[in-house]
Amino acid sequence: QVQLAESGGGLVQAGDSLRLSCAVSGRTFSGYYMGWFRQAPGKEREFVAAIQWSSRFVWYADSVKGRFTISRETATNTVFLQMNSLKLEDTAVYYCAAGNSIRSVTTRYEYAYWGQGTQVTVSS
């Protein structure tokens, strides 16, 4: 079993930065993929970014490429999402997810484990 706990959300202004954290526990993660998804009110949950734990290979949604950076720290088993140049449309609940044997990192159904989410609100 894998447990995920997000933190770091909040209310910021457009153009500001925010860093989300996802504390991961429960097992070893060398073969796992860690993802960040987000869900805005009335919209489907969408892919934001992913990282393969051991290789650190990363993927990004086009909407965040160049602004967001995903990383992981093995010493603390934490995954980060650094969000810069935030826009109004980045407002959403952000979820951390984990899974292995993933064929498509952008597909939420491939991830077996999810955190509870953390709210990010960007104001003008």
Side-chain angles (χ1 to χ4, degrees):
Q1 191 73 8
V2 174
Q3 292 84 41
L4 307 173
E6 303 96 334
S7 62
L11 173 64
V12 296
Q13 291 189 318
D16 284 352
S17 298
L18 205 58
R19 189 176 80 159
L20 305 183
S21 300
C22 174
V24 189
S25 62
R27 58 170 300 144
T28 57
F29 314 108
S30 61
Y32 272 66
Y33 293 79
M34 307 300 300
W36 284 99
F37 287 75
R38 66 187 182 186
Q39 188 166 16
K43 295 189 176 181
E44 292 286 318
R45 192 170 299 188
E46 66 175 4
F47 170 76
V48 175
I51 186 169
Q52 206 285 320
W53 189 271
S54 56
S55 70
R56 290 185 291 179
F57 198 82
V58 298
W59 297 261
Y60 294 100
D62 288 342
S63 59
V64 307
K65 205 171 291 184
R67 299 189 298 122
F68 290 11
T69 303
I70 188 171
S71 61
R72 62 100 175 97
E73 183 177 83
T74 55
T76 59
N77 284 344
T78 304
V79 180
F80 301 100
L81 184 68
Q82 177 66 44
M83 305 186 295
N84 298 330
S85 303
L86 282 162
K87 303 177 180 180
L88 298 180
E89 53 264 40
D90 294 319
T91 295
V93 177
Y94 284 70
Y95 296 91
C96 180
N100 60 1
S101 301
I102 287 180
R103 295 164 295 179
S104 171
V105 297
T106 64
T107 303
R108 58 178 170 144
Y109 302 108
E110 297 270 3
Y111 294 81
Y113 304 99
W114 291 84
Q116 293 299 307
T118 185
Q119 176 71 47
V120 173
T121 304
V122 184
S123 65
S124 59

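The figures here come from the full heavy-atom set of this structure, side chains too, leaving out hydrogens, waters and symmetry mates. One-based numbering along the sequence shown.
- Residues satisfying the side-chain hydrogen bond (donor to acceptor under 3.5 Å, both in side chains) test with Gln39, not counting sequence neighbours, are Arg45.
- Here Thr118 contributes atom OG1 and Leu18 contributes atom CG; the two are 8.0 Å apart, rounded to the nearest 0.5 Å.
- Side-chain contact check for Gln52 versus Ile102: every heavy-atom pair is 4.5 Å or farther apart.
- For residues 71-86, there are no salt bridge (Lys or Arg N to Asp or Glu O under 4.0 Å) pairs, not counting sequence neighbours.
- Applying the ring pair (Phe, Tyr, Trp, His ring centres under 6.0 Å) test to every pair with at least one member in residues 102-124, sequence neighbours left out, gives these pairs: Phe37-Tyr111, Phe37-Trp114.
- Connection of Phe47 to Leu86 is not established within any shared hydrophobic cluster, with ILVMFWY side chains joined at heavy-atom distances below 4.5 Å, either directly or through further cluster members.
- No path of Ile, Leu, Val, Met, Phe, Trp and Tyr side chains, each step under 4.5 Å between heavy atoms, connects Tyr94 with Phe80, placing them in separate hydrophobic clusters.
- Ile51 and Val105 fall into different hydrophobic clusters, where Ile, Leu, Val, Met, Phe, Trp and Tyr residues are linked whenever their side-chain heavy atoms come under 4.5 Å apart, directly or through other members.
- Contacts of Ser25 classified as side chain to side chain contact (heavy atoms under 4.5 Å, CB included), with partners at least two apart in sequence or in another chain: Gln3.
- Annotation: disulfide bond (SG atoms under 2.5 Å apart) contacts involving residues 41-77, sequence neighbours excluded, are absent.
- Here side chain to side chain donor-acceptor pair (under 3.5 Å) pairs that include residues 15-24, with residues two or more places apart or in two chains, are Ser17-Asn84.
- Taking Glu110 as the reference, Arg103 meet the salt bridge (charged side-chain N to carboxylate O under 4.0 Å, His left out) condition, with sequence neighbours excluded.
- Considering only heavy atoms from C-beta on, Arg108 stays 4.5 Å or farther from Tyr95 through its side chain.
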- side-chain contact (heavy atoms from CB on, under 4.5 Å) between Tyr32 and Val2: does it pass, once the steps are laid out? CA-CA 11 Å; Tyr32 272 66; Val2 174; 4.2 Å; yes
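- Residues in residues 38-80 take part in no disulfide bond (SG atoms under 2.5 Å apart) pair, two or more places apart or across chains.
- For the atom pair OH (Tyr33) and CG (Asn100), the distance works out to 9.5 Å, reported to the nearest 0.5 Å.
- Atom CE of Met34 sits about 9.0 Å away from atom CG of Asn77, to the nearest 0.5 Å.
- The CG atom of Leu88 lies 11.0 Å from the OG1 atom of Thr121; values are rounded to the nearest 0.5 Å.
- The two atoms that bring Ala49 and Leu81 nearest to each other are CB-CD1, 4.2 Å, heavy atoms only.
- Rounding to the nearest 0.5 angstrom, the gap separating the CD atom in Gln119 from the CG atom in Leu11 is 9.5 Å.
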If you look only at distance, which donor and acceptor atoms sit under 3.5 Å apart when one is on a side chain in residues 59-71 and the other is two or more places apart or in another chain?
unit_1 : atom_1 : unit_2 : atom_2 : d
Tyr60  : OH     : Ile70  : N      : 2.9
Asp62  : OD1    : Lys65  : NZ     : 3.2
Arg67  : NH1    : Ser85  : O      : 3.0
Arg67  : NH1    : Asp90  : OD2    : 2.7
Arg67  : NH2    : Ser63  : O      : 3.0
Arg67  : NH2    : Asp90  : OD1    : 3.0
Arg67  : NH2    : Asp90  : OD2    : 3.4

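- Taking the side chain as every heavy atom from C-beta outward, Leu20 and Met83 approach each other to under 4.5 Å.
- Both Trp36 and Val58 belong to a single network of hydrophobic side chains, linked directly or stepwise wherever heavy atoms of I, L, V, M, F, W or Y lie under 4.5 Å apart.
- Ser101 pairs by the side chain to side chain contact (heavy atoms under 4.5 Å, CB included) definition with nothing, not counting sequence neighbours.
- By the side chain to side chain contact (heavy atoms under 4.5 Å, CB included) test, Ala40 pairs with Lys43, Ala92, sequence neighbours left out.
- Here disulfide bond (SG atoms under 2.5 Å apart) pairs that include residues 16-57, with residues two or more places apart or in two chains, are Cys22-Cys96.
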